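Before any comments, here is the structure.
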Amino acid sequence: MEYDFKKIEEKWQGYWAENQTFKVENNSEKEKFYVLDMFPYPSGAGLHVGHPLGYIASDIYARYKRHKGYNVLHPMGYDSFGLPAEQYAIQTGQHPAITTETNINRYREQLDKIGFSFDWSREVRTSDPKYYQWTQWIFIQLFNSWYDKEADKARDIADLIAIFQKEGNSAVNAVCDEDVVPFTAAAWNAFSDKEKQQVLLQYRLTYLAETEVNWCPALGTVLANDEMVNGVSERGGHPVIRKKMTQWSMRISAYAQRLLDDLSILDWPQPLKDAQTNWIGRSEGASVSFKVLPQNNTMVADAEIPVFTTRPDTIFGVSFMTLAPEHDLVLKITTPEQKEEVKQYIEATAKRSERDRMADVKTITGAFTGAYAEHPFTKEPIPIWIGDYVLAGYGTGAVMSVPCGDQRDHDFARHFNIPIPNIFEGVDVSEEAFADKENTVIANSDFLNGMPYKKAVKRVIHELEQLGQGKGKINYRLRDAVFSRQRYWGEPFPVYYKDGLPQMIAAEHLPIVLPEVEKYLPTETGEPPLGNATHWAWDVEAAAVVSNKSIDHKTVFPLELNTMPGWAGSSFYFNRYMDPHNTEEVFSKEAMDYWQGVDLYIGGSEHATGHLLYSRFWQKFLFDKGLVPQPEFAKKLINQGMITGTSALAKRLQFEVEGRPFFIFVDVDVLEEYLKSPDKSSGDSPVEEFVKKYGDFVVQDIHADVTMVDSSDHLDVDAFVAWQPEYTDVTFVKNTDGSFKVSREVEKMSKSKYNVVSPDSICEVYGADSLRLYEMFLGPLEQSKPWNTAGITGVYGFMKKLWRLYHGGAQGSFLVTEGAPTADNLKTLHKTIKKVEEDIEGFSFNTSVATFMICVNELATQKCNNREVLESLAILIAPYAPHIAEELWSRLGHSTSIATAPFPKFQPEYLIESTKEYPISFNGKMRFKLELPVDLSKEEIEKAVLADSKTQDQLQGRAPKKVIVVPGKIVNIVG
RNA sequence: GCUCGAGUGGUGGAAUUGGUAGACACGUUGGACUUAAAAUCCAAUGGCCAUUAUGGCCGUGCGGGUUCAAGUCCCGCCUCGAGUACCA
């Protein structure tokens, strides 16, 4: 009987679905284990072979854990709000919900074909109102909370109001806006409702604030740095400017220290932890306040510029200050003479993306404001400049510039001929700044002279405090997260506006369902797409969304027009899976207490500072609220690497004939040979006749669809021309054998590069088990690697060989023999058990596939068809190739699924050897091998080796200087 | 720019604490079976040199270093990839 994967895979996928083999309950005698994949955004392109890589790995692990006796939660769902569906809606008018539904169905079909052991009864979709009702609910909880630094946790806003009523805000140690004004209890109680709300907004964990964004007026939308190229939008090339907008923000900065500290309890890849550590960017230093000197014609009185510095010890080295061009004070302090220059500079920087500004250190630009600040100690005037190397969003958006101690300040000072005073003893700072804290000795600095870094910092902070112009401070690079998007396809906020102030809709009225709109574009007045909705007002009395016409600002109010960002719904989905159908609460305590958290999370490292940081933030908030039992949601995390595509590039030569381009395609080998020939005319290359006729040419790479290219890189020219009819009449210069070879290049797998390989086609030709095995066989899970279908015949061959191992009967019929296995059989089996178990535990899936191959090769050579051995082997391979394992298992006479069959137990006694083949090295180079009993002592080994005639041949009469013997490992003779 | 990761045969990759570099596959070449093809099986396969078997030299991105011994550890580079706050 042949290995018929199609029949087998269909059969078992049907069986699993019918019997709900992988459905789990929230309680069990067994120990729990939670294996999670990062859920996908269902894009229109469908799955490509890169997507399932992590899913296959986690599925292997989940299945392995079931064999090991655990109650395994292994869910899947969709992160189904997002931009692509909205873009498609803008282009075609099709509702994003329809696009999303179609895409999800396609994804599901593709996922089912690979044979994953997901519990689909727990599926969640972030765009489902039954799900996003809870996203909205958590938003309300954040709005109704503030962060108490004393308790170091989030607390109910009602507690804060109680404090304000009793004692005002002066004693409150909370994370809040910078510009909170102190008030007494009496003052609080005298505030109007509106004033109270305004004050509270400065404390809430989600709040409205002015934020800098990349605004594209032509598109009427905000752009990511990603979507900007050289100051214009990637799509359409429209100008983009930096602009301030009122948006919802999340006070993630309140959790900065805890997010940093708890990294230590996480078993996550170090690079990922490093990324979060750097993102949070804790630095210790001081805040220093510089007074702006009053001048003729400037109207600013009492202006102060607060700065944060990690080097307060260098304060006497300050020779200028630099403000971000967007800094609030800039226009206020600029002198009339400088106004024009400053204005122009601000306009110029408004066009640059933040990333450009950070990356470009070579171009030094800036402008002088004409204003001066006063040095806190020397009282000397310090010129105030603006420069785009200072970012508005980082720190206070202003720096005290110390050119002798900071390279960027140094570059700036040199460029604009600003003095570079030296405050370091015995260091030359004329060429470059001196930033070495360890070897710092301060000079020319009044009371700091002669002090090292640490001592000087302490002293200067003390002096600043005396002056009332500064104090020690810990600064975080982490900024509060902007939570508003001017998009349609996202969660609506449960928020309406009364008197210009945001009000939460009561939780019992959730979900607030996304309204229908005519168009998915921003409105003509520049409002977000929800501005197009005709029924988007909140009737407080009816507790319902009603027509905008009813808005009277008394009982009917306008609703929020922004929607939430992509990361909102993905920041708690892992908890919702534990209790996905709960309509009473976000998740029950019972479910949370049983599952606790994710035991293994697999996903891409590109989520390091987005999803994975925001999720940790929400988890901590929910933990503070007593809603989840763990302060971290995922104990262990593994990053899977990206699978890159292998693009096929046909070489096209472009000539110019009568001012018009003229093309031919040339086989890559033919072209290379032509280009290699020294004078390009002596050979008889077919390219030559074109050159003689048309002159010089330019070589271009044209992407060909990888499905038209075989494993030897030969292009099916007919298919290529049928696909791109504009090449119908173009000449193809082929090789002498009539083939046409293309060159290959590894690139990101992408539709536009025609290098996408879908898992469907692989399943069609080789089967899901081969796909699973092959994806693992490609290389280490964490590494990125190119996809090349060529090698899949290897694992497919292995599958057939595995099948034959169980079908050694007449005409390939199923055959196993009862009785005791041979010593060789057992040695092979237990060697395999040991290695496979170690590999799964260590997430080294590629090496376990190799181990299976070796095992099957050995058992085939041994002509093993012993039941005991073959049953164990079926279980071993079941996590990797579950369909064939189920089929073999049932043929072995079992009537239930293999899914929970106990994993074979490794027995070391079968591997004991009596001899060891020692590699014998001379001066570190292996020369020959010598078989010796394993129980020899060091001395005995040395004696035996030296006595061997081959050793004497190597030494040729020399006496060895030294003999290194590592028992069980190696012998090295020096001399 | 900054942060992190990766460079090993023609290709994907393997190699416990430093201890036989190239496991396992792909590809290629030769052979068996076959009318033929497919499938399957056997053999060879890092490079160079030599050859009757035996052998010798070089070799893990580049340049140094530590060690009896370095793909692995240390120092200095080069190249590629990822992230860089509104792609998800």
Side-chain angles (χ1 to χ4, degrees), chain A residues 2 38-41 43 79 81-84 87 211 213-214 221-228 247 269-272 274-275 277-279 354-362 389 393 408 477-487 565-567 570 604-611 613 639 641-642 644 646 711-712 744 746 748 774 777-780 782-795 797-798 800-801 804 838 844 846-847 849-854 857 917-929 961-964 966 968-975:
Chain A
E2 283 292 297
M38 289 186 188
F39 62 168
Y41 173 79
S43 83
D79 188 12
F81 273 133
L83 264 185
Q87 284 303 341
T211 325
V213 295
N214 301 318
T221 183
V222 174
L223 297 179
N225 286 333
D226 242 31
E227 299 170 301
M228 271 175 78
Q247 311 215 56
Q270 195 55 42
L272 201 154
D274 290 346
T277 304
N278 293 330
W279 192 260
E354 222 172 58
R355 199 181 300 172
D356 275 353
R357 284 165 62 173
M358 280 190 289
D360 185 8
V361 294
K362 287 185 200 113
Y389 74 100
R408 282 181 309 180
R477 203 177 73 101
L478 180 70
R479 307 201 288 249
D480 282 346
V482 178
F483 200 67
S484 297
R485 297 292 183 269
Q486 296 69 47
R487 310 282 188 201
W567 55 269
S570 60
S605 60
E606 65 273 23
H607 300 284
T609 54
H611 162 60
L613 198 62
N639 288 132
M642 195 173 61
T644 44
T646 317
S711 55
S712 313
R744 293 287 201 159
V746 172
K748 197 168 173 164
Y774 186 56
F777 192 54
L778 273 181
E782 291 95 328
Q783 246 171 56
S784 83
K785 54 228 153 202
W787 178 264
N788 191 343
T789 316
I792 198 165
T793 54
V795 291
F798 162 74
K800 288 192 277 192
K801 219 164 163 179
R804 281 202 300 274
E838 282 169 3
S844 174
N846 54 326
T847 49
V849 177
T851 305
F852 288 131
M853 289 175 172
I854 294 168
N857 286 344
E917 197 174 41
Y918 277 91
I920 312 299
S921 310
F922 292 80
N923 299 316
K925 278 179 189 149
M926 204 278 286
R927 292 300 170 184
F928 61 88
K929 290 169 195 169
K961 283 191 200 116
K962 199 171 172 186
V963 180
I964 313 265
V966 184
K969 280 259 159 70
I970 199 170
V971 177
N972 189 17
I973 298 165
V974 187

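Excluded from the calculations below are hydrogen atoms, water molecules and symmetry mates; all remaining heavy atoms, backbone and side chain alike, are included. Residue numbering restarts at 1 for every chain, and letters A, B, ... go by the order of the sequence lines. The structure presented is a predicted model; accordingly, all values stated were derived computationally and were not measured.
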Problem set entry | d(CG, A:N214; P, B:rC86) in whole Å | 9 Å

Exercise. Taking the side chain of A:V966 as heavy atoms from C-beta outward, which of B:rC86, B:rG19, B:rA85 is closest to it?
Worked result: B:rG19

Problem set entry | Pair partner, B:rU17 [Watson-Crick or wobble, under 3.5 Å] | none

Problem set entry | Nearest listed nucleotide, side chain of A:Q486, among B:rU3, B:rC86, B:rG19 | B:rC86

Exercise. Under 4.0 Å: is that the gap between some side-chain N or O of A:R408 and OP1 or OP2 of B:rG1?
Worked result: no

Exercise. With rounding to whole Å, what would you report as the distance between B:rU72 and B:rA21 at their C1' atoms?
Worked result: 11 Å

Exercise. Choosing from B:rU84, B:rC26, B:rC86, which nucleotide comes nearest the side chain of A:W279?
Worked result: B:rU84

Exercise. Separation of A:E2 atom CD from B:rA38 atom C1', in whole Å?
Worked result: 12 Å

Seminar exercise, completed: Quick note, A:V222 side chain, CB onward, closest among B:rC68, B:rC86, B:rG12 is B:rC86

Exercise. Considering only side-chain heavy atoms of A:M853, which listed nucleotide, B:rA69, B:rC57, B:rA25, is closest?
Worked result: B:rA25

For this session: Give none if B:rG71 has no partner; otherwise give the nucleotide forming a Watson-Crick or G-U wobble pair with it, both distances under 3.5 Å.
Result: none

For this session: Examine B:rC41: is either OP1 or OP2 under 4.0 Å from a nitrogen or oxygen in the side chain of A:R804? Give yes or no.
Result: yes

Exercise. Looking at the side chain of A:E606, which of B:rG83, B:rG19, B:rA23 is the nearest nucleotide?
Worked result: B:rG83

Exercise. Which label fits B:rG22, syn or anti, where anti is any glycosidic angle not within 90° of 0?
Worked result: anti

Problem set entry | Closest non-hydrogen atom pair between A:P780 and A:K785, with its separation | O-NZ, 2.5 Å

Exercise. Across all strands shown, which nucleotide pairs with B:rC48 by Watson-Crick or G-U wobble geometry, both distances under 3.5 Å?
Worked result: B:rG56

Seminar exercise, completed: Using Watson-Crick geometry (N1-N3 plus N6-O4 or O6-N4) or G-U wobble (N1-O2, O6-N3), each under 3.5 Å, B:rU35 is paired with none

For this session: Taking the side chain as every heavy atom from C-beta outward, state whether A:I964 and A:K962 have any pair of such atoms under 4.5 Å apart.
Result: yes

Exercise. Picking from B:rC86, B:rC24, B:rA85, which would you name as closest to the side chain of A:I854?
Worked result: B:rC24

For this session: Take the protein atom CE of A:M926 and the nucleotide atom P of B:rA69, then report the distance between them rounded to whole Å.
Result: 17 Å

Exercise. Hey, are the side chains of A:R927 and A:I920 touching, using non-hydrogen atoms and a 4.5 Å cut-off?
Worked result: no

Problem set entry | Closest approach of A:L613 to A:W279 (non-hydrogen atoms, all atoms of both residues) | CD2-CD1, 3.3 Å

For this session: Would you mind classifying the nucleic acid contact of A:D79 as base, sugar-phosphate or nothing, using non-hydrogen atoms under 4.0 angstrom?
Result: sugar-phosphate

Exercise. B:rG27 and B:rU79: how far apart are their C1' atoms, nearest whole angstrom?
Worked result: 27 Å

For this session: Whole angstrom is fine here: how far is it from CG in A:L223 over to C1' in B:rC87?
Result: 12 Å

Exercise. Expressed in whole Å, how much space separates the P atoms belonging to B:rG59 and B:rG10?
Worked result: 15 Å

For this session: Measure distances between side-chain N and O atoms of A:Q87 and base N and O atoms of B:rC87, and say whether any donor-acceptor pair falls under 3.5 Å.
Result: no

For this session: Consider the side chain of A:I970, meaning its heavy atoms from C-beta on, and name the nucleotide among B:rA14, B:rU20, B:rC68 that approaches it most closely.
Result: B:rU20

For this session: Please determine, for B:rG9, whether a Watson-Crick or G-U wobble partner exists with both distances under 3.5 Å, and give it or none.
Result: none

Problem set entry | Integer angstrom distance from the P of B:rU60 to that of B:rU11 | 15 Å

For this session: For A:L478 and for A:P780, find the nucleotide of RNA chain B with the closest heavy atom, then tell me which residue's nucleotide is more 5'.
Result: A:P780

For this session: Rounded to the nearest angstrom, tell me the gap between atom CG in A:N639 and atom P in B:rG5.
Result: 12 Å

Problem set entry | B:rG9 to B:rA25 separation - C1' atoms, rounded to the nearest Å | 14 Å

Exercise. Between A:S784 and A:K962, who's closer to the 5' end of RNA chain B by nearest nucleotide?
Worked result: A:S784

Exercise. Taking the side chain as C-beta and beyond, is there a heavy-atom pair between A:V963 and A:N972 under 4.5 Å?
Worked result: no

Exercise. Any side-chain heavy atom of A:W567 sitting closer than 4.5 Å to one from A:H611?
Worked result: no

Problem set entry | Shortest side-chain distance from A:T847, nucleotide among B:rC26, B:rA14, B:rC86 | B:rA14

Exercise. Nearest-Å distance, CG (A:D274) to P (B:rA6)?
Worked result: 12 Å

For this session: Specify the separation, in whole Å, of atom CZ of A:R477 and atom C1' of B:rG83.
Result: 11 Å

Exercise. For B:rG5, does either OP1 or OP2 sit under 4.0 Å from a side-chain N or O belonging to A:K785?
Worked result: no

Seminar exercise, completed: To the nearest angstrom, the CD-C1' distance between A:E917 and B:rU20 comes to 9 Å

For this session: Quick one: look up who B:rA88 pairs with, Watson-Crick or G-U, both distances under 3.5 Å, and put none if it's unpaired.
Result: none

For this session: Between B:rA85, B:rC86, B:rG12, spot the one nearest the side chain of A:R479, thanks.
Result: B:rA85

Exercise. Is any side-chain heavy atom of A:S921 closer than 4.5 Å to a side-chain heavy atom of A:I970?
Worked result: yes

Problem set entry | A:D79 side-chain N/O to A:F39 backbone N/O, donor-acceptor pair under 3.5 Å | no

Problem set entry | Under 4.0 angstrom between A:N857 side-chain N/O and B:rC24 OP1 or OP2 | no

Exercise. Rounding to the closest angstrom, what is the interatomic distance between B:rA53 and B:rU40 at atom P?
Worked result: 34 Å

Exercise. Is there a side-chain polar atom (N or O) of A:K800 under 4.0 Å from OP1 or OP2 of B:rU40?
Worked result: yes

Exercise. Relative to the ring of A:F777, is the ring of A:Y774 parallel (under 30°), tilted (30 to 60°) or perpendicular (over 60°)?
Worked result: tilted

For this session: Report the base-pairing partner of B:rA82 (Watson-Crick or G-U wobble, both distances below 3.5 angstrom), or none.
Result: B:rU3

